[in-house]
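The sequence lines fix the lettering, A, B, ..., with proteins before strands; numbering per chain opens at 1.
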Amino acid sequence: MSKPVVATTSLSGCFGCHMSLLDIDERILDLIDVVEFNKSPIDDIKEFTKQCDIGIIEGGCCNSENVHVLKDFRKNCKILISLGECAIMGGLPALRNGIPIKECLDEAYLNGPTAQIGNEEQILPNDEELPMILDKVYPCHEVVKIDYYLPGCPPRADLIWDALVALVTGNELKLPYEVVKFD
Amino acid sequence: MSEKIKFTIDGKECIAKKGQYILEAALENGIYIPFLCNMKGVKPAGSCRLCNVKINGRNMTACTTPVAAGMEVESEIPELQELRLSIIEMLFVEGNHFCPSCEKSGNCELQALAYKFQMLVPRFPYEFPIKEVDASSPKLYIDRNRCIKCKRCIRNIKDENGKSYFAFYKRAHDVEICLDKELAATMSDELAQKAMDTCPVGAILRKEKGFDQPIGTRKFDKQAIGTDIISVVENINMEVKE
């Protein structure tokens, strides 16, 4: 039997969840024995080269590119996992959800203390190459179907490890009290 | 000594003082029934509905229903646990509960209940309501994003004349807590701390305090809510004369 294929991505996240994945330490050697990585920042594969079994999503959707990547993951992965608070509920980027988008952009590019220098022409980024910012930050499961959720900021390395082992071996995932945390 | 009566919770024999509420009696018998709006020594409100128990096939709030002799209370049954989890999930989506950036994280009772019930994601869509933070009083912040409207602060934080520092204003879905500006101006540090401790979530916070407890040492980091309850009923067979 061929190895299960894993893909990962960070949407509107801080890469903290990916760092937590690396916190499984030497177990990463066991992991690459049993799974193969495809599109992921870990091996720097930029586009899907084959159908994957497990897709791990960090971060919510804050712009059109996030939505595009997420839909691409849904198309190419049998199982999608929301990893971390941002993927599950928007997380800290979603703090802007109560503020009108115009105000956010004005603060970032026109009025903020760091925006005064370097943007003398007072322009908001409008190149058509740039992804469009969404009206608010959306949790991943409000954009596509998500199969499993691993909360935490970041999720504990043991939780990620146990979840991957459970998925690869087909055993039930046990959730001890210490691993399910929201911070 | 006041009159004692016997009743059962999930088949376990318990003893209560006559007139005592089920929730209070359960805690004294070492049985935990989940709750958010209740507080020892404060008049119960029955507003959070987490302590729903089944008595004679009907759902009743354990915090506002007095024990009756021979009463058979069902609490930890799948139907009620599912109801409780759905209430917790609803509270998470109807406010803005950003646990990673909350000062109360680790000491928050709502979060602790989500941990206890192992909520991985709420089944309801997130509402992301627009709420204001009120930092106008000298000792406290009121962050309405996190308020679950349990009324604990209104019932527990009072001056020497019995006047509440906190109140509800607006109505129904828009209801919010506010702090009496005149009373808040003279609030002592002790009372400010009591107000913060009274709030089950992070809606009432002391100023100039912030994150003062390291992760791993906070109340619910290692121990689940309700696991530290010890029975104060010493000998169940001796206390009631049949």
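Of the two parts of Pro155(A), neither the backbone nor the side chain holds a non-hydrogen atom closer than 4.5 Å to a non-hydrogen atom of chain B. Interface remark: Leu95(A) contributes backbone and side-chain atoms alike to the contact with chain B (heavy atom separation under 4.5 Å). Contact annotation for Phe92(B): only side-chain heavy atoms (C-beta onward) come within less than 4.5 Å of a heavy atom of chain A.
Of the listed residues Ile130(B), Asn96(B), Asp221(B), Val121(B), the one with more heavy-atom pairs under 4.5 angstrom with chain A than any other is Val121(B).
Remark: the backbone N or O of Asp183(A) is not paired with any side-chain donor or acceptor of Gln111(B) at under 3.5 angstrom. Between the side chain of Tyr115(B) and the backbone N or O of Phe182(A) there is at least one donor-acceptor pair closer than 3.5 Å.
Between Phe128(B) and Tyr138(A), the closest side-chain pair of non-hydrogen atoms is not below 4.5 Å. With contacts defined as side-chain heavy-atom distances shorter than 4.5 Å, the pair Phe117(B)/Val180(A) does not qualify. Side chains of Phe98(B) and Glu85(A) form no contact here, defined as non-hydrogen atoms less than 4.5 Å apart.
No more than 12 heavy atoms of other residues, nucleotides or ligands shown are found within 6.0 angstrom of CD1 on Ile230(B). Sparse packing is recorded around OH of Tyr109(A), with 12 or fewer heavy atoms of other residues, nucleotides or ligands lying under 6.0 Å away. Annotation for Lys151(B): atom NZ does not count as buried by contact number, only 12 or fewer foreign heavy atoms lying within 6.0 Å. Atom CD of Glu132(B) has 12 or fewer neighbouring heavy atoms from other residues, nucleotides or ligands inside a 6.0 Å radius. Remark: Phe48(A) CZ is packed, more than 12 non-hydrogen atoms of other residues, nucleotides or ligands lying under 6.0 Å away. The number of heavy-atom neighbours closer than 6.0 Å to NZ of Lys78(A), taken from other residues, nucleotides and ligands shown, is 12 or below. At most 12 non-hydrogen atoms from other residues, nucleotides or ligands lie less than 6.0 angstrom from CD of Glu182(B).
In this structure, Leu120(B) and Pro151(A) approach most closely via the heavy-atom pair CD2-CD, 3.6 Å. In terms of heavy atoms, His97(B) sits closest to Met89(A) at O-CE, 3.5 Å.
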Do His141(A) and Tyr126(B) pass the side-chain contact (heavy atoms from CB on, under 4.5 Å) test, and can you show the C-alpha distance, the side-chain angles, and the key distance before you say yes or no?
CA-CA 11 Å; His141(A) 64 270; Tyr126(B) 282 96; 4.2 Å; yes
